[in-house]
Amino acid sequence: MGTLYADALVTDPAVFQEDWVPADFRHRDAELNLLSTALEPVISGEPAGDAFVWGPSGSGKTSATRYLLDALHERADGLDTHYLSCWTDRTRHAVLYSVLEGLGTAPGKRRTAVSAGELRSRIEDGVDRPVVVVLDEVDQLESPDVLYDLYHTPGLAIVLVANREDQVLARLEPRLRSRLANATSVQFDRYDLDALVAILAQRAEHGLRPDVVSRADLEHVADVAAGDARDAIRILATAVRLAASEGAESLSPETVDRAVPAARTELRETRRERLGEHQYALYTVISSAGEISPGEAYERYADRVEEPRSRRRVRDYVSKLVEYGLVTVHGQNRGRRYRAVDGETRTK
DNA sequence: ATTCCACGGGAAAGCATGGACC
DNA sequence: GGTCCATGCTTTCCCGTGGAAT
């Protein structure tokens, strides 16, 4: 519904989407060069080196990696590269299946009576020339065994993308860890204010009508986003939508200020909408209590739903809610409390 | 000091689902 | 159409922890 109004200010809504990568990707030259050195052997048909890409959220890891893959494709036809996110493909089977899809030799449907081991050997058979596989959000992997599968496929180079190096490495077997020690490590840092402003300006230039935003607006947004480009872009998008729905012709500092909590609420809403019936009920219980003990939370949850899941299962739901950033836990053992994350008290 | 018990999380087994193969 | 089988979700059983009760 917003689009009707938004047209007045927006010429290309795509610039506000997560996967929009500008034609000229800037401010990450050193990181791109490093990663490129590891990967570019594929252009001449040589095996690429493995790589780690680390950095906080919104620091450009995903965009830079995708940009580089595109750039490699421009320099050579018919490269085999595959990008997948472990957020959606989190099990061994799902990852292997996705890689096979990338190779173009996947069995018919995703949910298939073909075992993970069988998928693995099909990958080994299918890789007859150097391949690059990017595993984004690799810290979301349910079990990292699959890295072992991929690592043992000759000619297949893996690029692991995650927030923190130690979080991923700690979960690997020592054998795999030491073999990955040769991988190129590329560290991303938070954007500084100027870079963030430039990134926003690029979006504005491509997707907004002239004079909708001023440099001061962008600085304001960049300042609030604290080095996180994803946040910055989302806040800008929300602010523009807000301004458009109110019939304004340009942004104001006041609109930006209102957009900040709105953008964060929106993010939480979309996460909440993705919850299943039981996780939703549990979240509602925790959220309406503000803070609650595990036992009490379970009792109330069980009252709320028709067929309550077991306590054990509900513990897993809690871990998921924590993973989604909707809930935090405090204390140990008996003193444990679940706390809902609301708009005002953000984690970090 | 000893026992109790709320809690978290690993392991294994049961079950429903739906693709693969005949 | 019928059978086989792998996955993913779930329950059941269990053990380690550490603060509270005895």
Side-chain angles (χ1 to χ4, degrees), chain A residues 84-126 135 137-150 153 166-174 176 271-287 289-341 347:
Chain A
L84 69 96
S85 168
C86 301
W87 182 260
T88 39
D89 295 327
R90 56 209 315 143
T91 67
R92 181 176 179 226
H93 190 266
V95 168
L96 293 175
Y97 187 89
S98 176
V99 171
L100 270 176
E101 272 183 328
L103 294 172
T105 54
K109 291 286 173 56
R110 267 200 109 75
R111 190 188 171 88
T112 177
V114 177
S115 72
E118 172 65 19
L119 292 177
R120 173 190 163 149
S121 44
R122 287 198 202 182
I123 288 173
E124 284 178 10
D125 294 345
L135 291 120
E137 307 198 64
V138 71
D139 41 355
Q140 295 299 324
L141 224 43
E142 173 206 87
S143 92
D145 306 346
V146 66
L147 299 181
Y148 204 71
D149 296 319
L150 297 177
T153 305
D166 48 355
Q167 275 175 354
V168 175
L169 288 180
R171 298 173 63 205
L172 302 181
E173 317 178 25
L176 184 54
R271 281 187 187 147
R272 203 173 53 87
E273 279 164 16
R274 280 204 287 265
L275 299 177
E277 180 201 346
H278 293 273
Q279 293 181 27
Y280 181 85
L282 181 63
Y283 176 68
T284 309
V285 163
I286 297 172
S287 174
E291 186 179 302
I292 192 169
S293 72
E296 182 69 19
Y298 183 79
E299 296 302 325
R300 294 199 199 165
Y301 151 79
D303 284 344
R304 265 190 109 83
V305 296
E306 288 287 319
E307 297 174 69
R309 298 292 183 250
S310 67
R311 298 187 119 88
R312 178 67 188 85
R313 186 66 191 136
V314 169
R315 264 175 259 149
D316 285 337
Y317 290 157
V318 173
S319 336
K320 281 293 168 197
L321 294 179
V322 170
E323 216 173 87
Y324 298 154
L326 293 168
V327 165
T328 56
V329 298
H330 307 266
Q332 296 266 307
N333 299 316
R334 278 214 160 89
R336 215 127 219 258
R337 312 284 291 172
Y338 301 150
R339 195 178 298 164
V341 176
T347 43

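These values consider heavy atoms only, across backbone and side chains, with no hydrogens, waters or symmetry-generated copies. Chain identifiers are assigned alphabetically (A, B, ...) following the order of the sequence lines, protein sequences preceding nucleic acid strands; residue numbering begins at 1 within each chain.
Heavy atoms of A:Tyr298 sit nowhere under 4.0 angstrom from any nucleic acid atom. As judged by a 4.0 angstrom heavy-atom cut-off over every strand, A:Ala94 is placed among residues making no nucleic acid contact. Here A:Arg336 lies in heavy-atom contact (under 4.0 Å) with sugar-phosphate atoms only. Nucleic acid contact class of A:Arg309 (heavy atoms, under 4.0 Å, all strands): sugar-phosphate only.
Atom CZ in A:Arg92 sits about 15 Å away from atom C1' in C:dG8, given to the nearest Å. For A:Glu323 and B:dG8, the CD to P distance is 16 Å, given to the nearest whole Å. At whole-Å resolution of the value, CZ in A:Arg90 and P in C:dT7 are 17 Å apart. Between A:Arg315 atom CZ and C:dT10 atom P there is a gap of 15 Å when expressed in whole angstrom units. One interatomic measurement links the two molecules: CG of A:Asp316 to P of B:dC7, which rounds to 16 Å at whole-angstrom precision. Atom-to-atom, NE2 of A:His278 to C1' of C:dT11 comes out at 13 Å; the value is rounded to the nearest Å. The nearest whole Å value for the distance from the NE2 atom in A:His93 to the C1' atom in B:dG19 is 10 Å. Distance A:Asp89 CG to C:dG8 C1': 14 Å, rounded to the nearest Å.
Take the nearest nucleotide of DNA chain B for A:Val114 and for A:Arg311: the residue whose nucleotide is more 5' is A:Arg311.
At C:dG8, one or more side-chain N or O atoms of A:Thr91 fall inside 4.0 Å of OP1 or OP2 (strictly under the cut-off).
Closest to the side chain of A:Arg334, from the set B:dC7, C:dA20, C:dG8, is C:dA20. Each of C:dG18, C:dT11, B:dG9 was ranked by its minimum atom distance to the side chain of A:Arg313; first place goes to C:dT11. Comparing B:dG8, C:dT10, C:dT7 against the side chain of A:Tyr317 picks out C:dT10 as the nearest. In this structure, the nucleotide among B:dG10, B:dC4, C:dT7 sitting nearest to the side chain of A:Arg312 is B:dG10.
Using modelled atom types, one side-chain atom of A:Thr284 and one backbone atom of A:Tyr280 make a donor-acceptor pair closer than 3.5 Å. Looking only at distances, a side-chain donor or acceptor of A:Arg336 sits under 3.5 Å from a matching main-chain atom of A:Gly331.
None of A:Ile286, A:Leu275, A:Leu282 except one satisfies the side chain to side chain contact (heavy atoms under 4.5 Å, CB included) rule with A:Leu326; the exception is A:Leu275.
Separating the CG atom in A:Leu119 from the CG atom in A:Leu100 is a distance of 5.5 Å, to the nearest 0.5 Å.
Within the 4.5 Å cutoff, the side chain of A:Tyr324 has no heavy atoms near those of the A:Arg272 side chain.
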